[in-house]
Amino acid sequence: MWGTATAAHQVEGNNISSDWWDWEHRSGHCTEPSGDACDHLNRYEDDVKLMADLGFNTYRFSIEWARLEPEQGLYSKVYLNHYQKMIECILNHGLTPMVTLHHFTSPLWARKQNNFVSKEVCVGFLKYVELLSKSYKDLLSYVCTINEPNIVAFMGYRMGLFPPGLQSSEDRRIATQNFIDCHKKAYEIIKSANDKIQVGLTLSMTDYQPVDGAQERAKRIAYIMEDIYLESLDNKGDFIGVQTYSRDRVKPSGVSLIEPGDPVTEMGYEIYPEALLATVQKAYKLAKMPVIITENGIAPLGDDDQVRVEFVKKAIQCCHELVSETELKGYIYWSFLDNFEWNFGYRPRFGLVSVNRDDFSRKIKDSAIFLGEIAKKNAIEF
Ligand code: BGC
């Protein structure tokens, strides 16, 4: 599978019933609000056509729970139809739709109950999963249940930097367990609607490299961030989604994202595509299932696209190595469009395609053509 990805809140625009919309306007943590985003809600047909023209065969995108259930228990038929049309459009262009059911955002009513700390919210999430599974059972082939629950548990429940804005180790522990349970139950619900649908959890995974004897510390961090998820899947998954951006050097005194002299991204971490080698191998070993790289990408300083081309080239060379060592089934670049990068607003640019922030017109970058050609040939020249 060769694909590219987006997430509803980051590209659709005006996601006003979500917890993130509220967060952007009230928390003080966001540099700017998402506003119209990339107007993908109205422009998805042109965007999907462009992906197909570029040579991709997979589009990973998310369905917005806050649009489907803007008030608790009140489901929107308009948006149920909207996403059905979107999936059909992707299929009509010959692409495989890979649908994420929860990508960071929850409805605001769930936030008022502290999101995934609350059992009631988990029940609400699973009802939404059931609605989608029944409605789209004949259209779906790949589903990612929850996007990076490990990042949400850390940023939203321990650090207070994402909604619901909690800062408690206990809330993080409860949310982690609830995310794992929700994934497993969602897996059962989707499989009972249509057992051919391939279902997976997607995790943020970092190459944690211990230095100066910090092995134990690195193990502890990796356990709470990654292993706890990978080890508790109990086969509830047809694939594991790996989402890797860089490495962390773990020292006895703390974790460093960057060392003097390292090439750096707009996000402040190191340019290190080789991180995929360690993360994919680990995911395969611990989850014991095929792997899809559901996110990998770069926001280069000043959006220097040549740096992106080099990054992608090295990443795909890593994939080439990994194919013979693991069951690696696909590479999905994050992101198709320059989009709303959460607390950082629109400054970091991960896109293969840029978006004019005044008229929302799209401009293809060289990296889009570069990766599209690899996708078409299913091969890379060394
Ligand atoms: C998230 C995306 C985000 C990307 C780049 C991932 O953690 O799933 O929503 O835009 O990383 O930071």
Side-chain angles (χ1 to χ4, degrees), residues 3-13 15 18-21 23-24 29-32 34 37-38 40 59-66 98-106 144-156 159 161-163 179 183 200-207 225-226 229 240-248 257-258 264-273 275-276 279 283 292-301 303 307-308 311-312 315 331-355 367:
T4 179
T6 63
H9 187 77
Q10 295 178 271
V11 293
E12 286 183 346
N15 187 18
S18 69
D19 56 349
W20 262 92
W21 184 269
W23 182 255
E24 289 157 23
H29 286 298
C30 287
T31 56
E32 56 187 320
S34 55
C38 304
H40 187 63
Y59 176 30
R60 175 174 178 244
F61 68 101
S62 75
I63 291 181
E64 182 54 61
W65 181 17
M98 179 184 268
V99 175
T100 304
L101 304 181
H102 186 279
H103 194 124
F104 287 5
T105 44
S106 296
C144 306
T145 53
I146 302 170
N147 182 72
E148 299 189 349
N150 52 343
I151 290 296
V152 183
F154 180 57
M155 297 288 277
M159 301 304 288
L161 294 171
F162 277 10
F179 278 133
H183 161 76
L201 181 73
T202 66
L203 274 191
S204 166
M205 292 189 65
T206 300
D207 180 2
M225 285 305 288
E226 301 174 355
Y229 292 90
I240 178 80
V242 170
Q243 317 204 148
T244 293
Y245 288 88
S246 192
R247 67 173 157 183
D248 283 355
L257 307 184
I258 194 97
V264 67
T265 66
E266 193 71 59
M267 298 293 283
Y269 47 70
E270 188 195 359
I271 302 179
Y272 188 67
L276 278 176
T279 58
I292 299 175
I293 297 169
T294 40
E295 281 185 30
N296 176 249
I298 182 172
L301 281 181
D303 198 33
V307 172
R308 183 177 292 104
F311 179 92
V312 167
Y331 177 87
I332 298 180
Y333 179 84
W334 182 272
S335 174
F336 178 59
L337 298 172
D338 285 342
N339 61 38
F340 179 71
E341 181 52 36
W342 309 109
N343 286 346
F344 297 102
Y346 290 98
R347 189 178 46 84
R349 294 178 185 185
F350 282 88
L352 297 173
V353 172
S354 69
V355 177
S367 51

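Counting convention: from 1, in listed order, for ligands and their atoms alike. The analysis underlying the following values was restricted to heavy atoms, covering all of them including side chains, and did not include hydrogens, waters or symmetry mates. Fair warning: this is a prediction, and the values are worked out from it, not measured in the lab.
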Do the side chains of R347 and E341 get close enough for a salt bridge, i.e. N-O under 4.0 angstrom?
no
Which residue, Y245, Y331, F350, Y333, forms the side chain to side chain contact (heavy atoms under 4.5 Å, CB included) with E295?
Y245
Give the residue, atom name and distance (to 0.1 Å) of the protein heavy atom nearest atom 12 (O) of ligand 1.
E341 OE2, 2.7 Å
Tell me: protein heavy atom nearest atom 1 (C) of ligand 1, and distance?
E295 OE1, 3.4 Å
If you have a sec, work out which protein heavy atom is nearest atom 4 (C) of ligand 1 and how many Å separate them, to one decimal?
Y245 OH, 3.4 Å
Report the relative orientation of the aromatic rings in F179 and H102; use parallel for angles under 30°, tilted for 30 to 60°, perpendicular for over 60°.
tilted
Side chain to side chain contact (heavy atoms under 4.5 Å, CB included) between I146 and T202, intermediate numbers included:
CA-CA 7 Å; I146 302 170; T202 66; over 6 Å; no
When you measure from the side chain of Q10 to the backbone N and O of F340, does any donor-acceptor pair fall under 3.5 Å?
yes
What orientation do W334 and H103 show, parallel under 30°, tilted 30 to 60°, or perpendicular over 60°?
parallel
To which protein heavy atom is atom 7 (O) of ligand 1 closest, and what is the distance rounded to 0.1 Å?
E148 OE1, 2.5 Å
What atoms of ligand 1 come closer than 4.0 angstrom to any heavy atom of F350?
5 (C), 12 (O)
Those atoms of ligand 1 less than 4.0 Å from some heavy atom in H103:
1 (C), 2 (C), 8 (O), 9 (O)
For ligand 1, is there an N or O atom under 3.5 Å from any N or O atom of W342?
yes
Which atoms of ligand 1 sit under 4.0 Å from any heavy atom of N147?
8 (O)
